[in-house]
Novice: 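I'd like to ask some things about the structure below.
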Amino acid sequence: MLRVSRLSKSFGTLLAAREVSFEVRAGEIYGLLGPNGAGKTTTLSMICGLLRPDTGDIHVDGTNFWSEPNRAKRILGVAPQDLALYEELTGRENLEFWGRLAGLDRATAVRRAGELLEALALVERAGDLVKNYSGGMKRRINLGAALMHRPRLLLLDEPTVGIDPQARARVVDFIQTLASEGMAILYTTHYLEEAEQLCHRVGILDHGKLHAEGTVAELQQRLGGERFFVIEGRFADANPASWNGFEQRFKILQRTDRQIVAAAMGTRDPSDCLRELLALPVPVENVTLKRPSLNDVFLQLTGREWRD
Amino acid sequence: MRHLFLIGHHDLRLFLRNRSSWIWLVVMPLAFVYFMGFANRGPGGPRTTRPLLLVDNRDTGFLGVAFLAELGEQGLEVRLPSHPHSDQARRGIRIPTNFTDTVIAGNQGRVVFFTPGGTDDPSSALIEMRVLRATIALNSHLLEGLGADTDTTPTADALEAVRHREARVRLDARHAGRKPIPTGFNFSLPGILVMYLMMNLLTFGGVTLAWERRSGVLRRMQVHPVTNAALIGGKIYGLLLLAGIQIAVLLLAGRFLFSVNLGDNLLGILAVLAIYAWVAASIGILLGSILRSEDKVVGLCVLVSMVMAALGGCWWPLEIVPETFQFLAHCLPTGWAMDALHQLITFGSDLTAARRPLAALLGFAAVANLAAIRFFRV
């Protein structure tokens, strides 16, 4: 449904996107992950036509975006990170206005707004002004406004930012329902746990570059296995290269004075690995076995913590 | 065009839903029309000025009545002490009891001039002059009625016949080369309408655009198949609808509440106001594109509209300011709008007299519109 090929964009000397390429298929939720300033919003802005890329192509449903922008815009639905809603209008009026702007006639917009209010569990508050809504309700209306014209490709920019866990779970459930109905969804977030739960595939973006993409399991495999070890101790003066065979059996992912994060190489049993680690020629205080998370993947790919 | 109308109607709905909009659209302008009209009331236009004169006529003969008629002929509105609003008169005369008999007897009748309550009044010189003219006219009619025969006693019929005879010599005075200065509500209605149209369209247009940009609404509009032309056009169309409401309310109030004679060129007046509103709406969109925050937009819009109103002749007639300021007024759309409206409303001219101001306003509209398109950003 969406194919992005070697997309680049710079603002003066700042390279906001560097040859970014990925695809989103029908029925798939693709998570574009990255910390603030990674280039997610720039990439999304190029995909929906707000920014023109310096180089690269965007194909929506097989057609180049810029050769037929209005056709692409009719296929696209965009829920921006900002709550771009009219607070002095009711939730229903907001949906109807955005639906009509997307090309629906008045009767269809009214009918579709009713359907979405029901699906988003907002029927009872449909006649209230949006300024009186909670953060979660505003997010749902923001999402609904993007769905009025039944888009086949949905771009969601941080759709759960700033809302409580209960409201977030409700939004996530709704997005999963949309994907199950065949909608292609490009989802940006900096909540890694949410991406792990929701996305079929993810791409990790930092400093405008797509460092890796694949399923969460595939990315975890890139760390050298399905699990790794967190070793706590005093490592300020330690030299792992001098430890007998350590670098042949373990790959160091991160090292500080107090901690080493290492992935076991090969297919050894974890209990064997634990014994080897406890026998290291340095005082080891604790060893924890852990499944790699997307944060660990990001750390391994970029060399920095997610929240740095 | 569909998007243009949709955006325009949507904006109008948002403007009107805000209660404070009605204060700036209707309440404040009407209050200012009244206040400025009251403050700028003058002796009135030369064709309509009839200063009040309280006349205490104690004479029972025909000469007292004839003198009253003559005072009326000379442009005074005569009020008798029995009139319920006789206290409004600031000058008065007393005709003595035996005035007719005294004059017929060939003696001098003494009419006493007095100032009720000792008040001062700027129209006193005009009243004195007209009383004097009425006195001269009455004496002339008496002399003409008597002819050469000084022994004949003048009669009421003879005097009336002389009064209604066509004058052999008559002075017909008109304004030559200089327009009368508009005053009262005739002045304040166009002035306040021009000022508030500029202020409201600048402020509503600018603030709406600045807010929509800050909140991301403009960017959201652009991910739909909406062109920039439809977006800007829709914004200007919405502001023109808003202007239409304000124009209708003020013209109706002017006609029926303040008794302003709008002349015979209502369509011409509407055309001038529509073009002027187009100028103001375009400037509003321009300011909303250039300035980032709503606070800055409000501050600048109020300042700009006040300065343009003052310099453009909305607060005082341009006829009383030095030539430099008259030139400055015509560097602004407000000055040209006031020119056109005074031609059509105050002086009752037809649309051809407002051709120059209309052409100037069209020029302002084109430039402001192009600038709004050039600097528009989401």
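Reminder, nothing fancy here: chain letters follow the sequence lines and each chain counts from 1.
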Novice: Is any side-chain heavy atom of B/Arg219 less than 4.5 Å from a side-chain heavy atom of A/Pro80?
Specialist: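 B/Arg219 vs A/Pro80: side chains apart.
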Novice: With a 6.0 Å cut-off (strictly less than), is the heavy-atom count around CZ of B/Arg374, excluding the residue itself, greater than 12?
Specialist: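 Atom CZ in B/Arg374 is not packed in, count stays at 12 or less.
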Novice: Do B/Glu212 and A/Tyr86 come within less than 4.5 Å of each other through their side chains, counting heavy atoms only?
Specialist: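 Side-chain contact under 4.5 Å: yes.
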Novice: So, do A/Glu93 and B/Arg17 sit near enough that their side-chain heavy atoms are less than 4.5 Å apart?
Specialist: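 In contact.
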Novice: Nearest heavy-atom pair of B/His224 and A/Lys73: which atoms, and what distance?
Specialist: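 Taking B/His224 first and A/Lys73 second, the nearest heavy atoms are O-CD, 3.4 Å.
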Novice: Taking C-beta and beyond as the side chain, do B/Leu6 and A/Leu101 meet within less than 4.5 Å on heavy atoms?
Specialist: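 A side-chain contact under 4.5 Å exists here.
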Novice: Does a sphere of radius 6.0 Å around CZ in B/Phe32 hold more than 12 heavy atoms from other residues, nucleotides or ligands, not counting ones at 6.0 Å or beyond?
Specialist: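 At most 12 heavy atoms, drawn from other residues, nucleotides or ligands, come within 6.0 Å of this atom.
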Novice: Looking at A/Ala84 and B/Arg220, what are the two nearest heavy atoms and their distance?
Specialist: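 Closest approach of A/Ala84 to B/Arg220: O-NH1, 3.3 Å.
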Novice: Check this for me: B/Arg214, atom CZ, are more than 12 non-hydrogen atoms of other residues, nucleotides or ligands nearer than 6.0 Å?
Specialist: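 Result for CZ/B/Arg214: enclosed.
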Novice: Once rounded to the nearest 0.5 Å, what's the spacing between atom CD of A/Glu88 and atom CG of B/Leu14?
Specialist: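 The CG atom of B/Leu14 is 8.0 Å from CD of A/Glu88, to the nearest 0.5 Å.
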Novice: What part of A/Asn94 lies closer than 4.5 angstrom to a heavy atom of chain B: side chain, backbone, both or neither?
Specialist: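 No part of it gets close to chain B.
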Novice: Which pair of heavy atoms, one from A/Trp98 and one from B/Val217, lies closest together, and at what distance?
Specialist: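 The pair with the smallest heavy-atom distance is CH2-O, 3.7 Å.
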Novice: Say you draw a straight line from CG of A/Asp82 to OG of B/Ser215; how long is it, rounded to the nearest 0.5 Å?
Specialist: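 Interatomic distance, A/Asp82 CG to B/Ser215 OG, rounded to 0.5 Å: 7.5 Å.
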